[in-house]
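The sequence lines fix the lettering, A, B, ..., with proteins before strands; numbering per chain opens at 1.
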Amino acid sequence: MEMNELQTLRHSASHVMAQAVKRLFPDVKLAIGPAIDNGFYYDFDTEHPFTREDLDAIEKEMKKIAKENLKIEHFELPRAEALELMKDEPYKTELINELPEGETISFYKQGEFVDLCAGPHVNYTGKIKAYKLLSATGAYWRGSEKNKMLQRIYGTAFPNKTELEEHLAALEEAKKRDHNKLGRELELFTTSELIGQGLPILLPKGARIIQTLQRFVEDEEQKRGWQLTKTPLMAKSDLYKLSGHWDHYKEGMFVLGDEEKDKEVFALRPMTCPFQYQAYLNRGRSYRDLPMRLNETSTLFRNEASGEMHGLIRVRQFTISEGHLMCTPEQLEDEFRGCLELAIYMLKTLGLYEDVSYRFSQWDPDDREKYIGTEEQWNEAQDTMKRILDHLNIPYVIGIGEAAFYGPKLDIQIKNVHGKEDTLITLQVDQMLAEKFGMEYVDKDGTKKNPYIIHRTSIGCYERTLALLIEKYAGAFPTWLAPVQVKLLPIADRHADYMAEIKRKLADKGILRTELDDRSEKIGYKIREAQLEKVPYMLIAGDKDIEAGVVSVRSRKDGDIGSMTIDEFIEKITEEIETKAR
RNA sequence: GCUGACGUAGCUCAGUAGGCAGAGCACUUCAUUGGUAAUGAAGAGGUCGGCGGUUCGACUCCGCUCGUUAGCUCCA
C-alpha cells in the first residue's frame, strides 16, 4: 500500500475512533485527529481521563461502526453555516474562524458523525478493519503548555490483520531492546531514589564502555588537531550573564546560592562554550593561531523538567565530547567539513551512521525573547550555514525554532527503539558569542577581527550514545566495546589454574576485559550465564584441552568454534578489536 | 512543569468484600567435579517506595511526597 493511502486509512480510523468516543462519551468536545508516522491520534476535551477499559470499549464500538459500513461523504459549507453546524464544538469553531476568507470549508460525514476536515478519507467505514488503540495520554491544545490539556488517544491501523499483528509484534520486540531495561539487566547502570531523578549511576560495565568510547574519541580528536582543555564545572553568575545564559537559559541551570543574600552566586555549567572562550582569551591571538581547535570531555548539568528524564537518553548530568573551533571566515567551510567528517567517522565506526538524519535547526523569528542577537545577525548566520550545508550536499530538513539561543545548528538526529527522535550530535556556526566575549584575532593587515566559532560534538553525549548503542546491538556489543570481552570457563575446579594462566597471557597482550568464572558450577550453567551476559567469547578448558595445550572457543554469535592455541585466539581477537569489527 | 498509569525480597511478578506477607530466578551453606544455554538439598532475605490520615486493625481505603513509565511541553 502506498504511504499516502495508508495515511488516508489511518486518518479515517481516527474519525471512526472519534465517532465511537462520541457515542460512548457524548459530552466530549473534538479537537484534532491526524494520521501520524505509525498510526493516528485524536484529541478530546473531556474531564474524564480514558482508561485502558475505556479504550477496549471504544475499540468495540469502532468494530460496530465498521460493521455498519457507513458511507463517508464529503461536503462543503459557507462560513456562517459551518459555524452553525459546529456551534457545540468550540475547538472546531476556533479552527473555522482561523481559515482565511473565501476558503471553502470542508466537512466529512459518516452516519451521525460530522467532522471539520480537509480529508481525504476512505469511502466506507467498513474499510477500517485492522486497528488497535495503544494509549491514552494528555496533550496540550495546539501544543502549547499555556493552553488547556486535552485527552489524546493514540492508535494504529493497517490494511489487514496480518500487517497489524506484525506491527504490534515489532512493538513488543522493541521493548526487549529498550536500553532502560537491558542496561539494568546487563548491569550497565542503575539509579537511586536517594541520588535523584536524571542522575544515573554507571556501574563498572557501563563505565567501562564509556571509558572505551572516550579514549577512542579523545585519541581521534588529537589525531585531527584538537587540543584538550579541562575547564571548571561551575562559574560565577557573571560569566553566564555575559554569555546570555542567565537571560535565556536560566531555568535550565542549577544555580548555587541565593542572589538576594549571597555576595557571589555560582551555577553548574550547562554548556562548555564560555569556559573554553576563556582559554582562547588567555592571550592576544593572531590569524596564525587559527584555526584553534579546543576539545573537552565535558560534564554538564541541566535542570531538565521533572517529566523529561528518560533512562540514559535525557538526564540532568551528562558528559559530552564537546569542542569549540575558532577560525577565520576563509577557514570556516573547511573546518566545518572537518568537524562533520569526524562526526560521521564516529557514527560509522559505531554502526549508527545508517540510522541518522540531519536537521538544520533555525530560529523562530516570532519568538524573539528566546534568542540573543539581531534579525540581521540571525539571517547572516543562517545564510552562512545554509551555504556550507548546501555546498557539502547535506540532505537536511529544516527545524524552525530548534536553534540554540545563540545560533543555528546542524543536528544529527537519531530515533530510539520506540521511534522517538533525539539529537545525537550537533554542529553549530556561531557569529555572535565571539563579539559578546570580545574574542579577537589580529589579521594579516593588522586589524582586529572576531573569529567564527564552530561549536561541535564528535560523538555527542556519552550516556545518550551508550543508550543508543545498547538498543542498536540489543546489548550484544561489538568486541572492541564489550565490557567483558572474554569469559574463561574451567570445566572443573582442577582446571582453574590453567585458566588463570590463560587470563594472564591475555592481559600481557592487552586483553584486559576478561573474567574467570571459577565457581564450582557445571559448564553448561556457566555457558548459559556468559551467553545471557552477551560476552563475545568464552574460552573453555578441561583435561583434553590442557593436555593438548589449547582452549575450546565458543563465540556468542556462532557457538562452539573449536579449539585453538591461546596465541591463535589472541591473534584473532586482537584483530577484531583493532579493526573495531561489528 | 502538565495529564494518565505504575511502585510488594537484588530481579521478574502473584497477593481486593481491610484481619500474621508468597513464587521463580539471584544470594549463602552443604553435597556433587560435571565437556558447550539451568545438578540436588537446605538456608537467609521484605518498615509491601516514604510521610501523614481514616480504622480495633492498612500492602489493601484517602491525602501529600519521592521514584518509574506513556505522552504533551522543553531539550544533547
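- In this structure, A/L213 places its CG atom 21 Å from P of B/rA76, rounding to the nearest Å.
- Contacts of A/K175 with the nucleic acid, taken as non-hydrogen atoms under 4.0 Å apart, are absent.
- Summarising the geometry, the separation between CG on A/N147 and C1' on B/rC2 is reported as 12 Å, rounded to the nearest angstrom.
- A/F40 has its ring centre no less than 6.0 Å from the ring centre of A/Y42.
- The P atoms of B/rU3 and B/rA44 are separated by 47 Å, rounded to the nearest whole Å.
- Cation-pi geometry between A/R10 and A/F158 is met: the NZ or CZ atom falls under 6.0 Å from the ring centre, inside 45° of the normal.
- No hydrogens or angles considered: nothing links the side chains of A/R269 and A/T299 as a donor-acceptor pair under 3.5 Å.
- When the P atom is compared between B/rG46 and B/rA9, the two are found 11 Å apart, to the nearest whole Å.
- For B/rC6, neither phosphate oxygen OP1 nor OP2 lies less than 4.0 angstrom from any side-chain nitrogen or oxygen of A/R52.
- Nearest-nucleotide mapping onto RNA chain B: of A/R184 and A/E308, the residue sitting toward the 5' end is A/R184.
- At whole-Å resolution of the value, CD1 in A/I153 and P in B/rC72 are 15 Å apart.
- Not a single ring-ring contact (aromatic ring centres under 6.0 Å, His included) links A/F275 to another residue, sequence neighbours left out.
- Checking B/rG67, B/rC72, B/rC75 against every side-chain atom of A/Q197, the shortest atom distance belongs to B/rG67.
- Ring-centre distance between A/Y396 and A/F360: below the 6.0 Å cut-off.
- Remark: the A/R314 side chain and the B/rC74 base include a donor-acceptor N/O pair separated by less than 3.5 Å.
- Going from the P atom of B/rG49 to that of B/rU12 covers 14 Å, rounded to whole Å.
- Residue A/S306 places at least one side-chain N or O under 4.0 Å from the OP1 or OP2 atom of B/rG1.
- Relative orientation of the A/Y240 and A/W246 rings is parallel, given thresholds of 30° and 60° on the angle between their planes.
- Counted by atom type alone, A/D54 and A/H48 present one or more donor-acceptor pairs between their side chains at under 3.5 Å.
- At B/rG34, none of the side-chain N or O atoms of A/K526 fall inside 4.0 Å of OP1 or OP2 (strictly under the cut-off).
- Checked against B/rG34, B/rC75, B/rA70, the side chain of A/A492 finds its nearest nucleotide in B/rG34.
- Ring pair A/H179/A/H310: centre-to-centre distance below 6.0 Å.
- Between A/H248 and A/F405, the ring planes lie parallel to each other; the angle is under 30°, not in the 30° to 60° tilted range.
- Taking atom CG of A/L300 as the reference point, atom P of B/rC75 lies 16 Å away to the nearest angstrom.
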Inset, instruction - Indicate for each nucleotide in nucleotides 35-41 of chain B, in 5' to 3' sequence, whether protein heavy atoms under 4.0 Å reach the base (B), only the sugar-phosphate (S), or nothing (-). - result: BBBBB--
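- To the nearest angstrom, P of B/rC2 lies 16 Å from CD of A/E304.
- The aromatic rings of A/W363 and A/W378 lie parallel to each other, with less than 30° between the two planes, well short of the 60° mark.
- Atom C1' of B/rG45 sits at a distance of 14 Å from the matching atom of B/rA23, rounded to the whole Å.
- Whole-Å rounding puts the A/E251 CD to B/rC75 P distance at 9 Å.
- Within 4.0 Å of A/R494, counting heavy atoms only, lie sugar-phosphate atoms of the nucleic acid but no base atom.
- Taking every heavy atom of both residues into account, A/R554 and A/I527 meet most closely at NE-CG2, 3.5 Å.
- Closest approach to the A/H310 side chain among B/rC27, B/rC75, B/rU69 is made by B/rU69 (side chain taken as heavy atoms from C-beta onward).
- Each of A/Y41, A/Y131, A/F50 was compared with A/Y154 under the ring-ring contact (aromatic ring centres under 6.0 Å, His included) criterion, and only A/Y41 meets it.
- B/rG10 and B/rU73 have their P atoms separated by 38 Å, with the value rounded to a whole Å.
- When heavy atoms are screened at a 4.0 angstrom cut-off, A/A139 is found touching the sugar-phosphate backbone but no base atom.
- B/rG57 and B/rC2 have their P atoms separated by 35 Å, with the value rounded to a whole Å.
- One donor-acceptor pair, N or O on each side, does fall under 3.5 Å between the base of B/rG1 and the side chain of A/Y140.
- Atom CD1 of A/I313 is separated from atom P of B/rC75 by 18 Å (rounded to the nearest Å).
- Stacking here means ring centres nearer than 5.5 Å and ring planes tilted less than 30 degrees, and by that measure A/Y154 does not stack onto B/rG71.
- If you check every strand for non-hydrogen atoms under 4.0 Å, A/R142 touches nothing.
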Inset, instruction - Return one dot-bracket line describing RNA chain B 5' to 3' (Watson-Crick or G-U wobble pairs, both distances under 3.5 Å; ( ) same strand, [ ] crossing, | another strand, . none). - result: (((((((..((((.....[..)))).(((((.......))))).....(((((..]....))))))))))))....
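- We find that CE of A/M253 is positioned 14 Å from P of B/rC75, with the value rounded to whole Å.
- Each of A/T191 and A/G143 was matched to the nucleotide of RNA chain B holding its nearest heavy atom; the match closer to the 5' end belongs to A/T191.
- Rounded to whole Å, the C1' atom of B/rU16 lies 13 Å from the corresponding atom of B/rA58.
- Distance check on atom C1': B/rG22 versus B/rC62 gives 27 Å, rounded to whole Å.
- Closest to the A/S135 side chain, of the nucleotides B/rA70, B/rG49, B/rC74, is B/rA70.
- The residue A/A305 sits close to a base: some heavy atom pair falls under 4.0 Å.
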